[in-house]
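Nothing fancy with the numbering, it's 1 onward along the sequence. Predicted model, so just to flag it, every value in this text is computed and none were measured.
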Amino acid sequence: MNVEVLVQNMSQDIYEKLRGSVETGKWLDGSPLTEQQKETCIQAVMLYQSKVLKSEQHMTVGANGEIVHKSRDALKKELAQQSFDNQTIARFKQDDI
């Protein structure tokens, strides 16, 4: 079984855990990744982003295998287009702060 088949069958949960381990340099139990484990996990995360997610988010691997780079203006435009449905995240009174 090749790596692409494994990645195609990888769950979103496993991808998130691998990505988190790469970001922190540690497994979920707190033990550090070896250099070989880190390299393998990075490859799996990048392949998953490219083949499964087909991500177009900034600084991820797109469907074509290239890193997606967006300009500052494109990122601002994307953020402005996101709708937050006028939901309040938090409200504070002067005495609360």
*asked:* Once rounded to the nearest 0.5 Å, what's the spacing between atom CG of Asn9 and atom CD1 of Ile14?
replied: 12.5 Å

*Looking only at heavy atoms, which two atoms of Leu33 and Trp27 are closest? And how far apart?*
CD1-N, 3.5 Å

_Could you check whether Lys38 pairs with Glu35 (Lys NZ or Arg NE/NH1/NH2 to Asp/Glu carboxylate O, under 4.0 Å)?_
no

*To the nearest 0.5 Å, how far apart are CD in Glu16 and OG in Ser21?*
11.5 Å

_Gap separating the NZ atom of Lys17 from the CG atom of Asp13, nearest 0.5 angstrom_ = 4.0 Å

*asked:* Just verifying a value: how many Å separate Gln37 CD and Ile42 CD1, rounded to the nearest 0.5 Å?
replied: 12.0 Å

*Assess whether atom CE of Met46 is packed by more than 12 heavy atoms of other residues, nucleotides or ligands within 6.0 Å.*
no

_Residue pair Val7 / Leu47: nearest heavy atoms and the distance that separates them_ = CG2-CD2, 3.7 Å

_Sub-4.5 Å side-chain heavy-atom contact between Tyr48 and Arg19_ = no

